[in-house]
Amino acid sequence: MRILAIETSCDETSASVVEKNPDETSARVLTCETSSSVKEHATYGGIIPERAARKQIEYILPVVERALLPFAKDSTRAIKEHIHSIAVTSGPGLIGSLLVGVECAKTLSYIFGKPLIPVNHLLAHLYANFIEFDNAETEKREAIEFPFIGLIVSGGHTDLLLYKNHEKYEWIGGTRDDAVGEALDKIGRVLGLPYPGGPHIEKRAKNTASSQFSFRSPLLHSANYDFSYSGLKTEVARFVEKKGTLTEPEINQICYSVQEAAFDVLVKKTVRATIDTQAKSIVVGGGVAANERLREMFGKETINSHFKTKTFFPEKRYTLDNAAMIGTWALFHPDSTSWDEVRAEPEVYFA
Ligand code: KG4
Ligand code: ZN
C-alpha cells in the first residue's frame, strides 16, 4: 500500500509518498518534499498564523507535485496509477494552515476516488520512529516493542503516552502550561537568539563544557508525570534582567544550564513512567527530539540505572514537522474516513 501524505499544521508545507517495508514493521520513505515559511516569521520572533496560512497556499501544489514527480510524467497519472490512499494532518495546529492541507487532500480524494485517512499530528511525531534509517542497507532499525512509553516534545506539546499496541494508547501526563519547545523559544528570545530558539540554544550550549549557573528542573520531584515550563522561562528572564548585559561566554553557559534543567525532568519522568508501567521501549518524537544533549541524557540515564529498555529517536530530519511521519502513522492505521467527514481540527489532542 502506497500513501501520499500531506502535512500543513503550522509553518511547514510537506508532502511525502511512503510504503511499508516487506517485514511490515517499518516504513520506507520514497519521496518527502518540504517548504517552510519559518524564515518569514523569524523577524517577528514567533509564528504569525495569517502569514503561515498564506505561505501554505503558495507552497502546497508545488510541494505535492514534487513528491509525485518521480512516479510519472504528470501528477494526475502518478496519483491514479501509483497511490492507494491519501493521508492528511487534521489537527492539532493552526486553523488557517490546517485548512490548506485538509482541503487539498479532500479534493484529491474526491477527484481520484482514493481513500482518505485523517491523522493526529502529535501521534505521527512518535511514528517517525517507525521510518527506516537513511542507510537502511547497512543499518536496520530495531523493532519497537510494545508496550512503549511515547514522549512528545514539540513546539506546542509535551506529553507522555503509554502505547499498548498500535490501536490502544493512554495519555499519562503532560505539561500544565508551556511546552518544552515553546519555553526554549521564549528563552531564546530573552537571550537575543534568532527564532526558533531551540536549535540556537543547542548550538550555543555546545560552546561550553560546563556552566557556573544553574536553573531548577521544574517538577522534578513531583510524584506524577506532569511537566511545567513557564517557571523556568520566568526564572531565566529574571536572571537575565538582573544581570544586565551578558557576555557571549555567559550566554553559552546559560544555554547549557537551560538545557540541563529542561531535559533532566523529561528524562527522569519518562524513565520512571517506563519502570512503573513495565514498558519495553521508550519512543521520543517532535522537534526537540532533534537535540543531541537530550539524546545523550537519555542514553546516560538508561545506562546508569542498568535500565534495559531501549530508547528510540527518529532520524533527525524526521523530528521536525514532515509529511513522511503522517504517512507512516497512516500505514499502521489504514482505516479511511469519507472525504466529506474529514475536518481541520485545531484543538484535537489524542483521539
Ligand atoms: O515538532 P515541531 O517541528 O513543531 C511542532 O509540532 O510544534 O517542533 C518545533 C520545536 C520548536 O520549539 C523548536 O525550537 C524545537 O522544536 N527544536 C529544538 C531543536 N530543533 C527544533 N529544540 C531543541 N533542540 C533542537 N535542536
Ligand atoms: Zn510538530
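Between Leu4 and Phe71, every side-chain heavy-atom pair lies at or beyond the 4.5 Å cut-off. The closest side-chain heavy-atom distance from Asp11 to Ser97 is not below 4.5 Å. Side-chain atoms of Met1 and Ser85, non-hydrogen and from C-beta on, do get closer than 4.5 Å to each other. Using a 4.5 Å cut-off on side-chain heavy atoms (C-beta onward), Ile187 and Leu232 make contact. Between Trp329 and Met325, the closest side-chain pair of non-hydrogen atoms is not below 4.5 Å. A heavy-atom distance below 4.5 Å is found between the side chains of Ile282 and Val284. Side-chain contact between Glu167 and His333 is present, with heavy atoms from C-beta onward closer than 4.5 Å.
Side-chain atoms of Gln253 come within 3.5 Å of backbone atoms of Gln212 as a donor-acceptor pair (strictly under, hydrogens ignored). In this structure, the side chain of Arg176 does not engage the main chain of Phe227 through any donor-acceptor pair within 3.5 Å. One N or O on the side chain of Lys106 and one on the backbone of Val342 form a donor-acceptor pair closer than 3.5 Å. Looking at Asn252, its side chain never comes within 3.5 Å of a backbone N or O of Thr208 through a donor-acceptor pair. Put simply, the side chain of Tyr229 gets close to the backbone of Ala262: a donor and an acceptor are under 3.5 Å apart. Side chain of His41 to main chain of Ile48: a donor-acceptor pair is present (N/O by atom type, distance under 3.5 Å, no hydrogens or angles). At distances below 3.5 Å, at least one donor-acceptor pair connects side-chain atoms of Arg272 with backbone N or O atoms of Ala223. Looking only at distances, a side-chain donor or acceptor of Glu250 sits under 3.5 Å from a matching main-chain atom of Thr247. Looking only at distances, a side-chain donor or acceptor of Thr158 sits under 3.5 Å from a matching main-chain atom of Val180. Side-chain atoms of Ser154 do not come within 3.5 Å of backbone N or O of Gly286 as any donor-acceptor pair.
Few gaps surround CD on Glu139; more than 12 heavy atoms of other groups in view lie less than 6.0 Å from it. Within 6.0 Å of CD in Glu81 there are more than 12 heavy atoms belonging to other residues, nucleotides or ligands. Atom CZ of Arg295 is surrounded by more than 12 heavy atoms from other residues, nucleotides or ligands within 6.0 Å.
One finds no salt bridge joining Lys203 and Glu292 here, because no Lys/Arg side-chain nitrogen approaches an Asp/Glu carboxylate oxygen to under 4.0 Å. Under 4.0 Å is where a charged nitrogen must lie from a carboxylate oxygen, and between Glu241 and Arg238 no such pair does. Ion pairing between Lys55 and Glu40 holds under the 4.0 Å rule for side-chain N and carboxylate O. Taking the charged nitrogens against the carboxylate oxygens, Asp23 and Lys140 do have a contact shorter than 4.0 Å, which makes a salt bridge.
Of all the heavy atoms in Leu108 and Val64, the pair that sits closest is CD1-CG1, 4.5 Å. Residues Pro314 and Asn129 come closest through the heavy atom pair N-OD1, 3.0 Å. Of all heavy-atom pairs spanning Val265 and Leu220, the tightest one is CA-CD1, 3.7 Å. Taking every heavy atom of both residues into account, Pro196 and Val38 meet most closely at CD-CG2, 4.0 Å.
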With side-chain hydrogen bond (donor to acceptor under 3.5 Å, both in side chains) as the criterion, how do Glu7 and Ser9 come out once you've worked through the C-alpha distance, each side chain's angles and the decisive distance to 0.1 Å? CA-CA 6 Å; Glu7 151 66 34; Ser9 66; 2.7 Å; yes
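Between the side chains of Lys269 and Ser222, at least one donor N or O sits under 3.5 Å from an acceptor N or O. Side-chain N/O atoms of Thr8 and Gln56 include no donor and acceptor closer than 3.5 Å. Judged by distance alone, the side chains of Asp276 and Tyr225 do bring a donor and an acceptor atom under 3.5 Å apart. At a cut-off of 3.5 Å, with distance as the only test, no side-chain donor of Glu145 or Ser281 sits close to an acceptor on the other residue. Looking at Glu132 and Asn21, their side chains do bring a donor and an acceptor atom within 3.5 Å of each other. Looking at Gln259 and Asn291, their side chains do bring a donor and an acceptor atom within 3.5 Å of each other. With 3.5 Å as the limit, one finds a donor-acceptor pair spanning the side chains of Ser14 and Thr34.
Ring geometry for Tyr127 versus Phe332: interplanar angle of 30 to 60°, hence tilted. Using the six-membered ring where Trp is involved, Phe130 and Phe148 have ring planes that are tilted, between 30° and 60° apart.
Taking the centre and axis of the six-membered ring of Phe213, the NZ or CZ atom of Lys243 falls outside the cone set by 45° and 6.0 Å.
Taking the six-membered ring for Trp, His166 and Phe146 have ring centres closer than 6.0 Å. In this structure, the ring of Tyr318 has its center no less than 6.0 angstrom from the ring center of His125. No close placement of the Tyr195 and Tyr44 rings is indicated, their centers lying 6.0 Å or farther apart.
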